[in-house]
Every structure is written in structure tokens, then in C-alpha cells.
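Here the structure is laid out as C-alpha cells; the discussion comes afterwards.
Positions are given from 1 along the sequence.
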Amino acid sequence: MILVTGGTGFIGSHTVVELFEEGMDVLIADNLSNSYADVIDRIEKITGKRPMFEEIDLAKSEKADLLFEKYPNIKAIIHFAASKAVGESVEKPLLYYMNNLNSLMNVLENMKRHSINNIVFSSSCTVYGEPDELPVHEQSPIKIANSPYGNTKQISEEILKDISKISPDMNIISLRYFNPIGAHQSSLIGELPIGIPNNLVPYITQTGYGIREELTVFGDDYNTPDGSAVRDYIDVVDLSRAHIVAIHRLLNNENKKNYEVFNLGTGTGSSVFEVINAFKKASGLKIKYKISGRREGDIEKVWADTSFANKELGWKAETSLEQSLKTAWDWENYYRKNLENK
């Protein structure tokens with residue numbers, strides 16, 4: 001059994017689908033703070049299998065302890081559960097430190113207690129801060145974090161590295177995501193933030209559908225070709241499949257070290273305006289937007305050197321930006337027409 005914390009969320013739900021496609025049993029633990037329980041029904045509709053589910057806040061140690069006592073057959077964990085909005089973390093730093101760090105430490109404590117030795121950790125390219133050189137590779141310097149969210153990922157990685165040094169039987173893979181976008185081709189699951197989106201693509205699709213009046217572009221005066229911030233946008237299904245490779249690597253003892261780090265991106269940077277234009281091609285819609293000042297916590301530009309992950313994992317992102325925006329748009333339409341009021 002694979003425990004997927006945060007498994008009803010955007011990346012988590014897509015990863016659960018891929019785990020089922022591999023014939024694995026899945027237990028989801030999620031507090032539903034930024035997702036909905038009916039995702040379970042839609043995962044079942046896609047795969048024909050229903051994951052076990054526990055609504056639980058893993059940041060509370062007593063709740064985490066009960067979960068692991070109830071399910072003694074966990075073989076590996078994919079730990080997604082975390083608050084993840086850069087801007088919100090600047091406004092609510094304590095929320096991010098308490099939720100993101102406590103949940104990880106409670107999971108690790110129970111792994112030790114129950115002799116569970118395999119974990120894939122959901123990290124982020126935010127650990128690189130504002131990079132000196134691009135693209136960033138796994139040995140690029142870890143700069144001072146630009147936000148409390150980024151700092152929680154840096155601290156989490158430090159915790160995992162320290163654990164790996166004293167626990168040679170513990171096998172850890174930290175996957176540093178760049179910017180996940182898109183949706184499952186079925187349109188049954190996708191990115192669905194509660195409230196106003198903090199990420200670019202759901203804000204674009206909601207604006208396209210008419211939920212939002214206009215998109216806000218935070219900054220057009222960066223040192224980039226068109227002045228807007230540049231990111232490496234990776235399709236969520238490509239990203240989810242990398243987790244399957246990582247889990248197999250751990251379960252089959254193929255890891256070279258007991259703590260490994262991999263960048264998950266496309267290797268290409270796209271600006272905010274390029275994403276807006278790509279959405280227009282994918283959907284046929286022109287998005288209304290306004291320019292605002294830079295958002296605190298944002299970095300100017302970052303994209304991945306993925307050569308190590310490509311070679312070592314035998315994995316590569318394959319979906320184009322336009323294709324990802326098309327599935328995101330299809331998901332937005334399907335959700336509003338079929339699921340929103342259910």
C-alpha cells in the first residue's frame with residue numbers, strides 16, 4: 001500500500017490515478033483544506049478503483065499516530081500535504097511553518113515507529129531562490145528563500161537530509177517541482193483552488209470562463225524578454241508519472257544513495273505573457289488582463305536543467321505548453337458545466 005498525503009489535491013489526485021494504473025493499492029490522507037472529497041469519486045470513475053481515504057490533519061501528531069496505527073501495511077509514502085501559495089505564505093507565515101513542517105515531522109516519526117523506509121517528498125524549485133545562473137541543476141546553490149513557503153521546503157529538505165545521515169535504511173527521494181499545470185485528459189480531475197487562485201493557469205482559465213473579470217499580471221518590468229516573470233511549466237500528468245518512477249526506484253532498491261534529489265521540469269522557461277498567448281491558441285479566447293506591481297515573494301525567472309532526472313530516472317516531460325493549457329481549459333469547462341453545483 002502507498003500512502004499519498006494530500007492525495008485529493010491537484011498533483012496528488014493525478015498521482016493516485018497513475019499509481020492505480022500501475023496496479024498499486026492507495027491510501028489517501030488529506031484534511032481537505034484546499035481540495036474536495038468528491039475527487040475520490042472522480043478518481044474511481046477514471047480508474048475503476050476507489051482509493052481508501054482518511055480525512056485527517058497530519059500536522060496534529062495524535063491524528064497522524066492514529067492513521068499509522070490503523071493502516072499497518074504501508075510500504076511507501078508520497079508526501080504532498082502542504083500549504084503551497086507563495087503570496088499567502090508571506091501574509092500567513094506561521095500557518096505555513098506549522099502546517100508544512102509539523103506534517104512532515106509527524107510522518108517521519110511514524111515511519112520510524114512503524115519501520116516504513118520509503119518516502120518521496122514533494123519539494124519545489126523555490127528552494128533555489130533567485131538563481132545566479134540558469135538553468136538550475138540539482139547542485140545549484142540553495143539561496144535565501146524569497147517566501148515562507150520556499151523556506152518550508154528548504155527546511156523540509158534539511159530535515160530529510162539529516163534523517164538520511166543517521167538512518168541508512170531510510171530511502172528518500174526529494175522531487176523539486178517547477179510549475180505544474182494542465183489536467184487529466186478525461187477532464188474529471190484538474191487544478192481547483194478554493195477561493196481566488198494563487199497560480200497563473202487557473203486564474204487564466206477562470207478568467208476565460210468568466211468567473212474572474214480579468215487576470216492580474218504581477219510585474220512587467222522584470223529583466224526578461226517581455227518584462228514578465230519566467231517559469232518552467234510542466235504538465236501535471238508528466239509530473240505524476242515521475243512519482244511512479246520514483247516509487248519503483250525505492251521499492252526495487254534502485255536508488256544510488258539513500259537521499260536523492262531530482263528536478264522535475266521541461267527545461268524551458270515561459271513568460272507570463274507567453275502563457276497568455278499560448279492559452280489563446282489553445283482555447284481561441286483572448287484574455288483580458290491588467291498590469292500590477294511585483295508580488296512579494298516572487299522571483300524573476302527560473303527554469304530547470306532536467307538532464308540528471310532524464311538520465312537517472314529514465315523520465316522526461318513530453319507535453320507541450322499549449323497541450324497542457326488545452327487540458328486545463330477542458331477541465332475548467334467540464335467542471336463548471338457538470339460538477340460545480342453537485
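In this pair, F262 and F308 present their aromatic rings parallel. The plane angle is below 30°, not in the 30 to 60° band. The aromatic rings of Y335 and W331 sit tilted, their planes meeting at an angle between 30° and 60°.
Looking at S147, its side chain does come within 3.5 Å of a backbone N or O of G150 through a donor-acceptor pair. Put simply, the side chain of S270 never gets that close to the backbone of E274: no donor and acceptor are under 3.5 Å apart. D232 contributes a side-chain N or O that, together with a main-chain N or O of T266, makes up a donor-acceptor pair within less than 3.5 Å. Remark: the backbone N or O of G182 is not paired with any side-chain donor or acceptor of S324 at under 3.5 angstrom. The backbone N or O of Y222 sits nowhere less than 3.5 Å from a side-chain atom of E300 that would complete a donor-acceptor pair. Proximity of a side-chain donor or acceptor of Y96 to a complementary backbone N or O of A85 within less than 3.5 Å is detected. The backbone N or O of M98 lies less than 3.5 Å from a partner atom in the side chain of N102, making a donor-acceptor pair. E296 places no side-chain N or O within donor-acceptor distance of the main-chain N or O of N146, the cut-off being under 3.5 Å.
Between the CZ atom of R50 and the CG atom of D41 there is a distance of 4.5 Å, given to the nearest 0.5 Å. For the atom pair CH2 of W329 and OG of S283, the computed distance is 6.0 Å after rounding to the nearest 0.5 Å. The line from OG of S123 to CG of L160 is 8.5 Å long, rounded to the nearest 0.5 Å. Atom CG of N34 sits about 10.0 Å away from atom CG of L32, to the nearest 0.5 Å. From I163, atom CD1 reaches atom CD of E158 across 12.0 Å, with rounding to the nearest 0.5 Å. Taken from CG in L27 to CD1 in I2, the straight-line distance is 10.5 Å, to the nearest 0.5 Å.
Contact of the K143 side chain with the D132 side chain is registered, since non-hydrogen atoms from C-beta on lie closer than 4.5 Å. Residues E332 and R336 meet the side-chain proximity criterion, which asks for heavy atoms closer than 4.5 Å. R294 places a side-chain heavy atom less than 4.5 Å from the side chain of D221. Y97 places a side-chain heavy atom less than 4.5 Å from the side chain of T152. Side-chain contact between K70 and L67 is absent, with no heavy-atom pair separated by less than 4.5 Å. Side-chain contact between L101 and I155 is present, with heavy atoms from C-beta onward closer than 4.5 Å.
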List the atom pairs, donor and acceptor, that lie under 3.5 Å between side-chain atoms in residues 75-82 and the rest of the protein, sequence neighbours left out.
| residue | atom | partner | partner atom | Å |
| --- | --- | --- | --- | --- |
| H79 | ND1 | T5 | OG1 | 2.8 |

Please list every donor-acceptor pair under 3.5 Å in which a side-chain atom of residues 311-318 meets a protein atom from a residue at least two apart or in another chain.
| residue | atom | partner | partner atom | Å |
| --- | --- | --- | --- | --- |
| E312 | OE2 | R249 | NH2 | 2.8 |
| E312 | OE2 | K256 | NZ | 2.8 |
| W315 | NE1 | D238 | O | 2.9 |

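Side-chain contact of H114 with E69: a donor-acceptor pair under 3.5 Å is absent, judged by distance alone. E54 and Y71 share a donor-acceptor pair across their side chains, judged by distance under 3.5 Å alone. N198 and E88 are not linked by any side-chain donor-acceptor pair at a separation below 3.5 angstrom, with hydrogens and angles left out of the test. A donor and an acceptor atom, one from each side chain of N171 and N255, are located under 3.5 Å apart. Between the side chains of S61 and N106, no donor-acceptor pair of N or O atoms lies under 3.5 Å. Looking only at atom types and distance, the side chain of S271 has a donor-acceptor partner in the side chain of D226 under 3.5 Å away. In this model, a donor atom of one side chain and an acceptor atom of the other lie less than 3.5 Å apart for E157 and S174.
Closest approach of D30 and S33 over heavy atoms only: OD1-N, 4.3 Å. Heavy-atom minimum distance, A304 versus G265: CB-CA, 4.3 Å. Taking each heavy atom of N179 and C125 in turn, the nearest pair found is OD1-SG, 4.4 Å. Looking at every heavy atom in both residues, Y203 comes nearest to E214 through CE2-O, 3.3 Å. Nearest heavy atom pair, residue P180 against residue I11, reads CG-CD1, 3.6 Å. Nearest approach of E191 to N199, heavy atoms of both residues: OE2-ND2, 2.8 Å.
For F273, the ring pair (Phe, Tyr, Trp, His ring centres under 6.0 Å) partners two or more places apart in sequence, or in a different chain, are Y289. Qualifying ring pair (Phe, Tyr, Trp, His ring centres under 6.0 Å) partners for F178, counting only residues two or more places apart in sequence or in other chains: none. Partners of D169 by salt bridge (charged side-chain N to carboxylate O under 4.0 Å, His left out), not counting sequence neighbours: none found. Judged as a salt bridge (charged side-chain N to carboxylate O under 4.0 Å, His left out), and not counting sequence neighbours, D25 has no contacts.
Other residues, nucleotides and ligands place more than 12 heavy atoms under 6.0 Å from the NZ atom of K161. Heavy atoms from other residues, nucleotides or ligands lying under 6.0 Å from CD1 of I196 number 12 at most. For Q185, the CD atom sits in a loose shell: 12 or fewer heavy atoms of surrounding residues, nucleotides or ligands are nearer than 6.0 Å. Atom CD of E62 sits in a crowded spot, with more than 12 heavy atoms from other residues, nucleotides or ligands closer than 6.0 Å. A 6.0 Å sphere centred on NZ of K92 holds no more than 12 heavy atoms belonging to other residues, nucleotides or ligands. Heavy atoms from other residues, nucleotides or ligands lying under 6.0 Å from CD1 of I194 number more than 12. Within 6.0 Å of atom NZ in K49, more than 12 heavy atoms from other residues, nucleotides or ligands are found, so the atom counts as buried in its surroundings.
A salt bridge links K326 with D330: the closest approach of a Lys/Arg side-chain nitrogen to an acidic carboxylate oxygen falls below 4.0 angstrom.
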message: Does D220 form a side chain to side chain contact (heavy atoms under 4.5 Å, CB included) with S228? I'd like the steps, not just the answer.
response: CA-CA 5 Å; D220 65 346; S228 65; 5.5 Å; no
- request: Run the numbers on I189 and H14 for side chain to side chain contact (heavy atoms under 4.5 Å, CB included), then give the verdict.
  value: CA-CA 7 Å; I189 54 174; H14 287 79; 3.7 Å; yes
query: Are I247 and H243 close enough, and set up right, to give a side chain to side chain contact (heavy atoms under 4.5 Å, CB included), and what steps lead you there?
result: CA-CA 6 Å; I247 282 291; H243 292 75; 5.6 Å; no
task: Could you walk me through whether I116 and F68 pass side chain to side chain contact (heavy atoms under 4.5 Å, CB included), step by step?
output: CA-CA 10 Å; I116 302 167; F68 282 87; 3.8 Å; yes
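Of the listed residues (K153, R176, K84), just one forms a side-chain contact (heavy atoms from CB on, under 4.5 Å) with S122, and that residue is K153. Of the candidates I43, T8, L188, L192, I43 is the only one forming a side-chain contact (heavy atoms from CB on, under 4.5 Å) with S13.
With hydrophobic clusters built from ILVMFWY side chains whose heavy atoms lie under 4.5 angstrom apart, I119 does not share a cluster with L175.
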